Amino acid sequence: MKNEFLCARAIGLRQGGIRAIFDKAAAYENVINLGIGEPDAPTPAPIIDKAYEALKSGRTHYTANAGAIEARKAVSGYLQRFNIYANPASEIIITSGGMAAVSMALFLSIEPGCEVLIQDPQWMNYCSQVQFMGGRIVRVPVFPENEFVMKTEDIEKAVTKRTKILILNSPNNPTGAVMSRKDQEAVAKLAIERDLLVISDEVYCELTYDGIDHESIASLPNMKERTIVVNSLSKTFAMTGWRVGFAAGPEYYIRKMIYLQENLVACASTAGQYAAVYALETLCGVKDMKETYAHRRDIVTEGLNDIRGIRCNIPKGAFYAFPDIRGTGLSCKQVSDMLLEKAGIVTIPGSAFGTCGEGYLRISYAASEASIVEAMQRMKALFN
Ligand code: PLP
């Protein structure tokens with residue numbers, strides 16, 4: 001392929017593992033997709049109505065690079081749920097999804113060779129972004145015996161003089177793990193001692209189960225000044241296609257993110273921002289969505305635990321189960337391929353999220369209940 005105009009960084013860019021699996025699945029019929037990381041439900045109608053009203057009333061122009069002040073105020077109010085006070089005038093930026101918030105935050109801190117701590121297994125986009133920006137990915141393994149929660153002793157082992165950034169993601173994609181307050185306190189202490197910037201990706205914050213409430217590491221003492229909180233409307237309000245997210249952090253950092261956004265994309269979608277005001281202020285649909293996912297989680301975990309060779313812990317958050325498939329005697333890639341080829345089910349091999357994901361599968365329960373039930377039956381028929 002011709003690539004003479006591409007820089008070395010661009011030549012290194014590759015399609016992500018998940019997209020490649022979806023491409024392969026496109027050749028099969030009657031496929032149930034449990035690989036996808038987005039809600040099956042449409043955006044709640046009242047949120048759509050607000051976007052429509054905004055467009056009809058002439059909100060068809062750019063907003064401020066930081067985002068419409070109404071949206072930043074709504075974010076500020078929303079963050080108070082998690083005991084974070086962020087000034088809408090200076091400490092908040094509205095972005096094109098959580099993804100843009102993570103990448104802009106990384107862009108502002110990564111120098112060539114600087115080390116970024118990322119848990120393994122982890123959402124792959126972090127690694128691709130860090131790599132593209134010239135940073136060094138340092139993987140921190142997480143273990144099933146700790147319910148896949150990152151532990152300070154493992155972070156300690158990975159920290160060097162060049163470590164600058166620690167990425168946290170709780171509730172977690174792909175493991176469904178949720179960090180306890182005690183674990184957050186220990187990590188915060190270490191981040192302060194080692195002078196680390198924490199990028200805390202909280203896009204699944206509304207999806208916690210069994211009475212657990214999301215807590216942000218940024219609300220711990222002395223953490224606000226070293227934490228960029230990233231969040232998004234995508235998962236919470238079934239708004240993946242709207243591309244609206246946000247970041248909150250120290251004023252000097254957010255100011256530079258705003259300057260960067262000015263030069264990259266100007267602003268997030270205007271209609272989306274006004275829809276976000278309504279969504280964040282009313283939490284439209286969140287309670288029902290959480291109940292629906294909790295129910296599906298039970299169907300998936302019970303179904304998986306009924307299959308020979310597969311064991312599944314009950315995930316505490318997000319909408320992913322991360323079953324251990326080692327009892328099948330196959331690799332996770334073999335199991336995932338077999339499920340697609342023989343049962344028409346798309347799953348993601350855990351190894352796609354890092355070497356520590358080998359032996360596991362990521363199964364999304366953001367699919368309809370009927371398709372989850374059918375998938376569990378097909379899996380059982382295949383393995384039992
Ligand atoms: N962070 C995590 C952990 C994710 O799983 C995703 C999407 O799958 C995102 C961020 C990005 O979400 P969005 O850019 O749609 O807000």
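In listed order, ligands and their atoms are each counted from 1. Below, each value reflects all heavy atoms present in this structure, side chains not excepted, and no hydrogens, waters or symmetry copies. Treat the numbers as computed from the prediction; the structure is a model and nothing was measured.
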**Report entry** Protein contact of atom 1 (N) of ligand 1 - nearest heavy atom, named by residue and atom, plus distance
**Finding:** Asp201 OD2, 2.5 Å
Query raised in the report: Which ligand 1 atoms does Lys235 reach within 4.0 Å, using its non-hydrogen atoms?
Result: 6 (C), 7 (C), 8 (O)
Query raised in the report: Would you say the side-chain atoms of Ser336 pair up with the backbone N or O of Cys332, donor to acceptor, closer than 3.5 Å?
Result: no
Requested in this report: Tell me which part of Tyr126 gets within contact of ligand 1: side chain, backbone, both or neither, using heavy atoms under 4.0 Å.
Outcome: side chain
Query raised in the report: Heavy-atom count around Lys24 NZ within 6.0 Å, excluding the residue itself: above 12?
Result: yes
Query raised in the report: Hey, does Gly37 come in under 3.5 Å of ligand 1, counting only N/O atoms on both sides?
Result: no
Query raised in the report: With a 4.0 Å cut-off, would you call Glu369 and Arg296 a salt bridge?
Result: no
Report summary line: Atoms of ligand 1 under 4.0 Å from any heavy atom of Gly97, numbered from 1 in the order shown, are 14 (O), 16 (O)
**Report entry** Glu38 heavy atom under 4.0 Å from ligand 1
**Finding:** no
Requested in this report: May I ask you to identify the nearest protein heavy atom to atom 11 (C) of ligand 1, giving residue, atom name and distance to one decimal place in Å?
Outcome: Trp123 CH2, 3.7 Å
Query raised in the report: Looking at the rings of Tyr360 and Phe148, which for Trp means the six-membered one, are their centres under 6.0 Å apart?
Result: yes
Query - Sidechain N-carboxylate O distance under 4.0 Å for Glu185, Lys189 - result: no
Query raised in the report: To the nearest 0.5 Å, how far apart are CG in Asp213 and CD in Glu206?
Result: 9.0 Å
Query raised in the report: When clusters are formed by joining ILVMFWY residues with side-chain heavy atoms under 4.5 Å apart, either directly or through shared neighbours, do Met104 and Val102 land in the same one?
Result: yes
Requested in this report: Please test Asn231 against Tyr78 for side chain to side chain donor-acceptor pair (under 3.5 Å), starting from the C-alpha separation and ending with a verdict.
Outcome: CA-CA 11 Å; Asn231 211 323; Tyr78 177 75; 4.6 Å; no
Query - Contact (N/O only, under 3.5 Å) between Tyr204 and ligand 1 - result: yes
Report summary line: Taking only non-hydrogen atoms of Ser232 and a 4.0 Å limit, the atoms of ligand 1 in range are 13 (P), 16 (O)
Query raised in the report: Any N or O of Asn173 that comes nearer than 3.5 Å to an N or O of ligand 1?
Result: yes
Query raised in the report: Counting heavy atoms only, which part of Arg243 comes closer than 4.0 Å to ligand 1: side chain, backbone, both or neither?
Result: side chain
Query raised in the report: Using 30° and 60° as the class limits, which term best fits the ring planes of Tyr209 and Tyr365: parallel, tilted or perpendicular?
Result: tilted
Query raised in the report: Which ligand 1 atoms are under 4.0 Å away from a heavy-atom of Asn169?
Result: 3 (C)
Query raised in the report: Counting each atom of ligand 1 from 1 as listed, which ones have a heavy atom of Gly98 under 4.0 Å away?
Result: 13 (P), 14 (O), 16 (O)
Query raised in the report: Hey, is Val203 one of the residues with a heavy atom under 4.0 angstrom from ligand 1?
Result: yes
